[in-house]
Protein chains: 2
Amino acid sequence: MAALDLLGRRWTLRVVWELHESGGPIGFRELQRRCDGMSSSVLTGRLTELREAGIAASDVPSGAAAWRLTPLGGELVAAMQPLLTWSHAWAAQLPDEDPAPGGQGQGANTSP
Amino acid sequence: MAALDLLGRRWTLRVVWELHESGGPIGFRELQRRCDGMSSSVLTGRLTELREAGIAASDVPSGAAAWRLTPLGGELVAAMQPLLTWSHAWAAQLPDEDPAPGGQGQGANTSP
DNA sequence: CGGGATCCCCGACGATACTG
DNA sequence: CAGTATCGTCGGGGATCCCG
């Protein structure tokens, strides 16, 4: 199914998440910064795909694009919650992993 | 989130789904057949990853491996339902597409 | 600032052959 | 039947430049 195919692509979930976290409209560069500085080409691609999918939208006043989640995008985030919950539970029960008792949390890196 | 990283890989969801559909234990070749004949190397890879993730497991009586979902795997499938539901709704409302407005909205195909 | 065009590279995928 | 090892291919991303 195309939806999961899109969401499975690299950075897509990260972008959706950042869009969700920021709440309000957010600029291109700002979004790029939040995503650990992913390349503009990739960000453009993901954004285009998300726009075509009706998940994200941009207001372009003039010179300052403002990206945001559409209502549909909000529903998506909501629909993902159970899976995220499961994912956390899953991450917490792995046989071997997860050292860091002392403190520095690891970057939530999605895998380079 | 490594979980989604794994699930995003090609064939992974398909394998999980087939494992779920079959209900009981299922053989390697049989599983391969159900997946439209994906290569054994890839299937081995996915199976190994799923086993390490605690999502799938295999009983090996002797000469006949039997793969099945673990309880955790079952939870995963359950956690995916809302997303699948959203995904179906999403597929039915695309801006341009969807030649059949009249109503047969089906095709419960989960295949990638 | 916003984002398209281009090039290169790595890693996943796929088929085949082979062992137990 | 079950699974491993190897090799070739292909496409997606990452970087960078550049234009509006």
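Letters go in sequence order (proteins before strands), and every chain restarts at 1.
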Check whether any side-chain N or O of [X] sits under 4.0 Å from OP1 or OP2 of [N], and answer yes or no.
{"X": "A/W11", "N": "D/dG14", "answer": "yes"}
{"X": "B/R10", "N": "C/dA12", "answer": "no"}
{"X": "A/W67", "N": "C/dC1", "answer": "no"}
{"X": "A/S39", "N": "D/dG13", "answer": "no"}

Grab the [atom1]-[atom2] distance between [X] and [N] for me, whole Å please.
{"X": "B/R33", "N": "D/dC1", "atom1": "CZ", "atom2": "P", "result": "10 Å"}
{"X": "B/R9", "N": "D/dG12", "atom1": "CZ", "atom2": "P", "result": "16 Å"}
{"X": "A/Q32", "N": "D/dT16", "atom1": "CD", "atom2": "P", "result": "12 Å"}
{"X": "B/M38", "N": "C/dA12", "atom1": "CE", "atom2": "C1'", "result": "12 Å"}
{"X": "B/D59", "N": "D/dC1", "atom1": "CG", "atom2": "C1'", "result": "16 Å"}
{"X": "A/R14", "N": "D/dG14", "atom1": "CZ", "atom2": "P", "result": "11 Å"}

Check: protein-nucleotides 17-20 of chain D nitrogen or oxygen pairs below 3.5 Å:
none

Mind checking what makes side-chain hydrogen bond (donor to acceptor under 3.5 Å, both in side chains) contact with A/Q32, not counting sequence neighbours?
->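 Testing A/Q32 for side-chain hydrogen bond (donor to acceptor under 3.5 Å, both in side chains), a comparison that skips the adjacent residues, returns none.
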Set of salt bridge (Lys or Arg N to Asp or Glu O under 4.0 Å) partners for A/D59, sequence neighbours left out |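 Scan of A/D59 (salt bridge (Lys or Arg N to Asp or Glu O under 4.0 Å), adjacent residues dropped) gives A/R68.
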Could you list the residues that satisfy side-chain contact (heavy atoms from CB on, under 4.5 Å) with [X], not counting sequence neighbours?
{"X": "A/S22", "value": "A/I26, A/R34"}
{"X": "A/R51", "value": "A/S58, A/W67"}
{"X": "A/R9", "value": "A/D5, A/T12, A/R46, A/E49"}
{"X": "A/T85", "value": "none"}

Can you check whether A/G54's main-chain N or O pairs, donor with acceptor, with B/W90's side chain at less than 3.5 Å?
->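 Looks like no, no N/O pair under 3.5 Å.
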A/S87 side chain to A/L83 main-chain N or O, any donor-acceptor pair under 3.5 Å?
->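 No; zero donor-acceptor contacts below 3.5 Å.
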Do any pairs count as a side-chain hydrogen bond (donor to acceptor under 3.5 Å, both in side chains) and have a residue in residues 69-81 of chain B, sequence neighbours left out, and if so which ones?
->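 Applying side-chain hydrogen bond (donor to acceptor under 3.5 Å, both in side chains) to every pair that reaches into residues 69-81 of chain B, excluding sequence neighbours, yields nothing.
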In degrees, rounded to 10°, what is the bend between the two ends of the helix from C/dC1-D/dG20 to C/dG20-D/dC1, using five pairs at each?
->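 Nearest ten degrees gives 40° for this helix.
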Please list, by residue number, the residues of residues 41-49 of chain B whose heavy atoms come closer than 4.0 Å to an atom of DNA chain C; answer none if no residue qualifies.
->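 Those residues are B/S41, B/V42, B/R46.
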For residues 77-86 of chain A, pull every pair meeting salt bridge (charged side-chain N to carboxylate O under 4.0 Å, His left out), keeping only residues two or more places apart or in separate chains.
->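 Found none.
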Going through the checks in order, is the side chain to side chain contact (heavy atoms under 4.5 Å, CB included) test met by B/L31 and B/L47?
-> CA-CA 10 Å; B/L31 189 53; B/L47 247 24; 4.1 Å; yes
Where along residues 18-26 of chain B does a heavy atom come under 4.0 Å from DNA chain D, residue by residue in number order?
->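 Residues of residues 18-26 of chain B that come under 4.0 Å of DNA chain D do not exist, since none gets that close.
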Pairwise side-chain contact, A/L19 with A/I55, heavy-atom cut-off 4.5 Å (strictly under) |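 No; the side chains remain at least 4.5 Å from each other.
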Fit a plane to each ring of A/W17 and A/H20, take the angle between them on a 0 to 90° scale, and name the class: parallel (under 30°), tilted (30 to 60°) or perpendicular (over 60°).
->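 Ring orientation, 0 to 90° scale: tilted.
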Atom of A/L69, atom of A/V16 and distance for their closest heavy-atom approach =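 Heavy atoms of A/L69 and A/V16 come nearest at CD1-O, 4.1 Å.
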